[in-house]
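Structure first, commentary second.
FYI, side chains are in, hydrogens and waters are out, and symmetry mates aren't considered; it's all heavy atoms of this structure.
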Amino acid sequence: MTQKKFIFHYKNVRWARGRHETYLCFVVKRRIGPDSLSFDFGHLRNRSGCHVELLFLRHLGALCPGLSASSVDGARLCYSVTWFCSWSPCSKCAQQLAHFLSQTPNLRLRIFVSRLYFCDEEDSVEREGLRHLKRAGVQISVMTYKDFFYCWQTFVARRERSFKAWDGLHENSVRLVRKLNRILQPCETEDLRDVFALLGL
């Protein structure tokens with residue numbers, strides 16, 4: 001990925017105008033036994049009306065050979081996939097991902113996002129999609145400086161140029177971390193509101 005594309009699409013700004021594409025940088029780790037680990041990495045973007053998360057699933061057979069099969073000695077191959085996405089998944093992609101993961105228990109998925117997709121409204125279906133992913137066992141986090149730095153080192157054609165944080169990177173990460181935490185733990189907050197209402201507070 002070029003430096004310009006990475007900075008434009010991954011910049012965690014509050015108002016992300018003109019960023020209609022979603023980029024997904026991925027790392028796939030394959031563990032056969034306690035001492036055997038291999039990995040692959042790359043990046044994708046949405047194409048021809050297909051969201052990038054579903055595009056990744058189309059490539060999964062090539063990235064994770066034998067995902068649904070066992071190895072020669074009968075042990076099941078285990079895969080760990082990490083995504084660094086410019087936007088969080090929409091509700092439809094979240095549902096399809098959760099369904100796919102329920103069919104493949106030997107695949108573990110972690111998602112780091114630069115920005116949250118249409119999650120401003122309290123009753124947003126996109127918020128429910130993220131909660132659906134969490135219930136499916138997906139670890140969802142907001143990208144921080146170290147994640148942007150890792151992506152820069154791993155996925156960007158940087159030509160020896162070091163990563164430089166843009167203005168507001170840390171503040172925006174902190175704001176988005178708080179927002180994501182509120183989205184993923186709404187039940188606990190609602191329970192507290194009920195308790196306070198009962199106490200007349």
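Counting heavy atoms from C-beta outward, Cys151 and Met1 have side chains that stay 4.5 Å or more apart. Looking at Arg115 and Ser88, their side chains never come closer than 4.5 Å, going by heavy atoms from C-beta outward. The closest side-chain heavy-atom distance from Phe112 to Thr144 is not below 4.5 Å. The shortest distance between side-chain heavy atoms of Thr154 and Phe41 falls below 4.5 Å. Between Asn106 and Thr104, some side-chain heavy-atom pair lies under the 4.5 Å cut-off. Counting heavy atoms from C-beta outward, Leu116 and Val113 have side chains that approach closer than 4.5 Å. Inter-residue side-chain proximity for His51 and Cys90 is flagged as met; some heavy-atom pair is nearer than 4.5 Å. Side chains of Val81 and Leu63 form no contact here, defined as non-hydrogen atoms less than 4.5 Å apart.
Scored by the side-chain contact (heavy atoms from CB on, under 4.5 Å) test, Arg159 finds Gln3 as partners (sequence neighbours excluded). Residues satisfying the ring pair (Phe, Tyr, Trp, His ring centres under 6.0 Å) test with Phe148, not counting sequence neighbours, are Trp166.
Using cut-offs of 30° and 60° for the angle between ring planes, the Phe155 and Tyr150 rings count as perpendicular.
Note: Phe163 and Tyr145 meet the aromatic proximity criterion, with ring centroids under 6.0 Å apart. Ring centroid separation for the pair Trp83 and Phe56 comes in under the 6.0 Å cut-off.
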- [ ] Evaluate the criterion side-chain contact (heavy atoms from CB on, under 4.5 Å) for residue pair Val156 and Thr2; output intermediate values, then yes/no.
- [x] CA-CA 6 Å; Val156 176; Thr2 66; over 6 Å; no
Task: Derivation of the salt bridge (Lys or Arg N to Asp or Glu O under 4.0 Å) call for Arg135 and Glu128 - done: CA-CA 10 Å; Arg135 288 191 297 269; Glu128 186 51 43; 2.8 Å; yes
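Between Glu126 and Arg131 there is no salt bridge, since none of the side-chain N atoms of the basic residue sits less than 4.0 Å from a carboxylate O of the acidic one.
Within 6.0 Å of CZ on Arg108 lie no more than 12 heavy atoms contributed by other residues, nucleotides or ligands. Within 6.0 Å of the NE2 atom in His59, the count of heavy atoms belonging to other residues, nucleotides or ligands exceeds 12.
Grouping the Ile, Leu, Val, Met, Phe, Trp and Tyr side chains by contacts below 4.5 angstrom, directly or via other members, places Ile111 apart from Phe6.
In this structure, Arg30 fails the cation-pi test against Phe39, since its NZ or CZ atom is not both closer than 6.0 Å to the six-membered ring centre and inside 45 degrees of the ring normal.
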